[in-house]
Number of protein chains: 2
Amino acid sequence: METQYKEKTFFTSKDLALSVIGGRWKIAIIWCLLQQSPLRLSEIQKYLPDVNQRMLIRQLRELEEDKIITRYVYPVVPPKVEYELGEIGLLLEPVVTSICDWGDNFREYLEKDVNKNQLNKI
Amino acid sequence: METQYKEKTFFTSKDLALSVIGGRWKIAIIWCLLQQSPLRLSEIQKYLPDVNQRMLIRQLRELEEDKIITRYVYPVVPPKVEYELGEIGLLLEPVVTSICDWGDNFREYLEKDVNKNQLNKI
DNA sequence: CGGAATCCCTATCGATACTG
DNA sequence: CAGTATCGATAGGGATTCCG
């Protein structure tokens with residue numbers, strides 16, 4: 001989902017939003033930073049073990065370009081970098097929450113389905 | 001985002017949700033079906049001119065497998081097929097709404113930014 | 001520690017053409 | 001109309017190495 005909003009002239013709200021948060025791991029990253037903030041790269045990696053480092057860094061860069069997150073570099077040795085949600089990024093909380101809520105519903109729905117199938121087998 | 005929840009044993013709610021609705025065009029498709037339902041393939045294409053037909057069909061199939069949408073085939077010539085949100089799919093309305101709302105906020109945020117930059121140039 | 005860089009492979013995407 | 005088929009392009013991703 002690397003269509004940048006900067007390149008296009010017109011967007012509906014959903015297209016604009018999806019161009020920014022539609023990336024493969026972006027919602028997951030934002031979820032992390034809503035759980036705890038700021039986070040160092042290595043900490044995000046612990047939250048998201050399935051994402052390889054290169055991808056994670058790419059997605060973090062894109063989010064940074066779009067001002068969703070802020071990246072603080074401390075000039076120390078060894079390096080210390082912290083990521084944090086910006087003003088507009090924090091407003092994504094309802095999006096993440098509604099997705100998690102729906103996930104809960106979907107899980108229940110799946111379990112109901114399993115029960116139904118088990119009943120059918122009797 | 002073709003990690004199917006069926007293959008994994010454990011998921012957080014967000015991972016489960018993202019495995020189902022995280023696909024490239026799925027939120028957009030669900031958005032369409034919340035605007036109007038049922039919709040024929042050609043009608044969805046009008047809503048989403050940026051999505052090519054093959055991708056659209058693939059994503060529709062995946063959503064169908066996951067019971068998010070229902071596909072009705074009328075046995076007529078020429079073919080008529082209608083897509084509709086299912087019970088659990090309809091519950092995605094808050095997700096889509098919150099994304100659109102955030103898109104509005106982000107647009108405002110961008111415009112503020114433009115103004116700031118213009119002021120800086122004076 | 002937090003990356004950048006490289007190689008390399010696969011999955012997904014997208015356009016076009018074709019079909020019942 | 002609602003799809004398949006095909007093919008080349010691109011994004012995703014793993015592993016490893018190197019650097020300040």
Side-chain angles (χ1 to χ4, degrees), chain A residues 1-8 15 18-29 32-33 36-66 69-84, chain B residues 1-8 15 18-29 32-33 36-66 69-84:
Chain A
M1 179 77 64
E2 310 327 328
T3 323
Q4 297 295 339
Y5 59 86
K6 292 146 189 165
E7 296 165 13
K8 297 222 178 179
D15 291 331
L18 290 177
S19 77
V20 174
I21 60 168
R24 190 80 156 78
W25 302 106
K26 291 185 182 174
I27 291 290
I29 292 170
C32 293
L33 290 170
Q36 190 186 331
S37 186
L39 280 176
R40 303 181 64 166
L41 179 65
S42 51
E43 294 172 320
I44 300 179
Q45 286 181 300
K46 279 173 202 157
Y47 272 112
L48 306 176
D50 291 343
V51 189
N52 79 56
Q53 196 189 42
R54 202 173 48 127
M55 267 306 106
L56 186 56
I57 289 172
R58 278 197 203 175
Q59 303 269 301
L60 284 166
R61 290 287 184 280
E62 290 184 11
L63 288 170
E64 188 190 355
E65 272 182 44
D66 291 341
I69 64 176
T70 317
R71 181 167 168 266
Y72 294 107
V73 182
Y74 295 85
V76 294
V77 177
K80 177 172 177 179
V81 177
E82 286 185 338
Y83 296 92
E84 197 168 34
Chain B
M1 180 80 61
E2 309 326 329
T3 324
Q4 298 294 340
Y5 59 86
K6 293 147 189 164
E7 296 164 14
K8 298 223 180 177
D15 290 332
L18 288 177
S19 78
V20 175
I21 61 168
R24 189 81 155 80
W25 303 105
K26 290 183 182 174
I27 291 289
I29 292 170
C32 292
L33 290 170
Q36 190 185 330
S37 188
L39 279 176
R40 304 181 64 167
L41 179 64
S42 51
E43 295 172 319
I44 299 178
Q45 287 182 299
K46 280 173 204 158
Y47 272 111
L48 306 175
D50 292 343
V51 189
N52 82 56
Q53 197 187 41
R54 198 178 54 129
M55 268 307 106
L56 186 56
I57 289 171
R58 279 200 201 175
Q59 302 267 302
L60 284 166
R61 290 284 186 283
E62 290 184 12
L63 288 171
E64 187 190 354
E65 272 182 43
D66 291 339
I69 64 176
T70 317
R71 179 168 169 268
Y72 294 107
V73 182
Y74 296 84
V76 294
V77 177
K80 178 174 176 175
V81 177
E82 285 186 337
Y83 296 92
E84 198 168 33

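Chain identifiers are assigned alphabetically (A, B, ...) following the order of the sequence lines, protein sequences preceding nucleic acid strands; residue numbering begins at 1 within each chain. Remember, predicted model here, so these are calculated numbers, not experimental data.
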> dG3(C) C1' sits how many Å from Arg58(A) CZ, rounded?
Replying inline: 14 Å
>> With a 4.0 Å cutoff (strictly under), does any side-chain N or O of Trp25(B) reach OP1 or OP2 of dC13(C)?
In response: no
Expected rows: protein N/O vs nucleotides 14-19 of chain D N/O, under 3.5 Å:
{"from": "dG14(D)", "atom 1": "OP2", "to": "Asn52(A)", "atom 2": "ND2", "distance (Å)": "2.9"}
{"from": "dG14(D)", "atom 1": "O6", "to": "Arg54(A)", "atom 2": "NH2", "distance (Å)": "3.1"}

>> Students often get this wrong, so: under 4.0 angstrom with heavy atoms, is Tyr74(A) touching a base, only sugar-phosphate, or nothing?
In response: nothing
> Which whole-number value in Å describes the distance from Ile44(B) CD1 to dG3(D) C1'?
Replying inline: 13 Å
> Hey, does Leu41(B) reach any base, or is it just sugar-phosphate, or nothing, if we go heavy atoms under 4.0 Å?
Replying inline: sugar-phosphate
> Under the side-chain hydrogen bond (donor to acceptor under 3.5 Å, both in side chains) test, which residues partner Gln53(B), sequence neighbours left out?
Replying inline: none
> Separation of Ile69(B) atom CD1 from dA2(D) atom P, in whole Å?
Replying inline: 13 Å
> Expressed in angstrom and rounded to an integer, what is the separation of Ile57(B) atom CD1 from dA15(C) atom C1'?
Replying inline: 14 Å
> End-to-end bend of the helix from dC1(C)-dG20(D) to dG20(C)-dC1(D) (five-pair axes, 10° rounding)?
Replying inline: 50°
> Expressed in angstrom and rounded to an integer, what is the separation of Glu82(A) atom CD from dG3(C) atom C1'?
Replying inline: 16 Å
>> Between P on dG3(C) and OH on Tyr72(A), what's the gap in Å once rounded to a whole number?
In response: 15 Å
> How long is the line joining CZ of Arg61(A) and P of dG2(C), in whole Å?
Replying inline: 12 Å
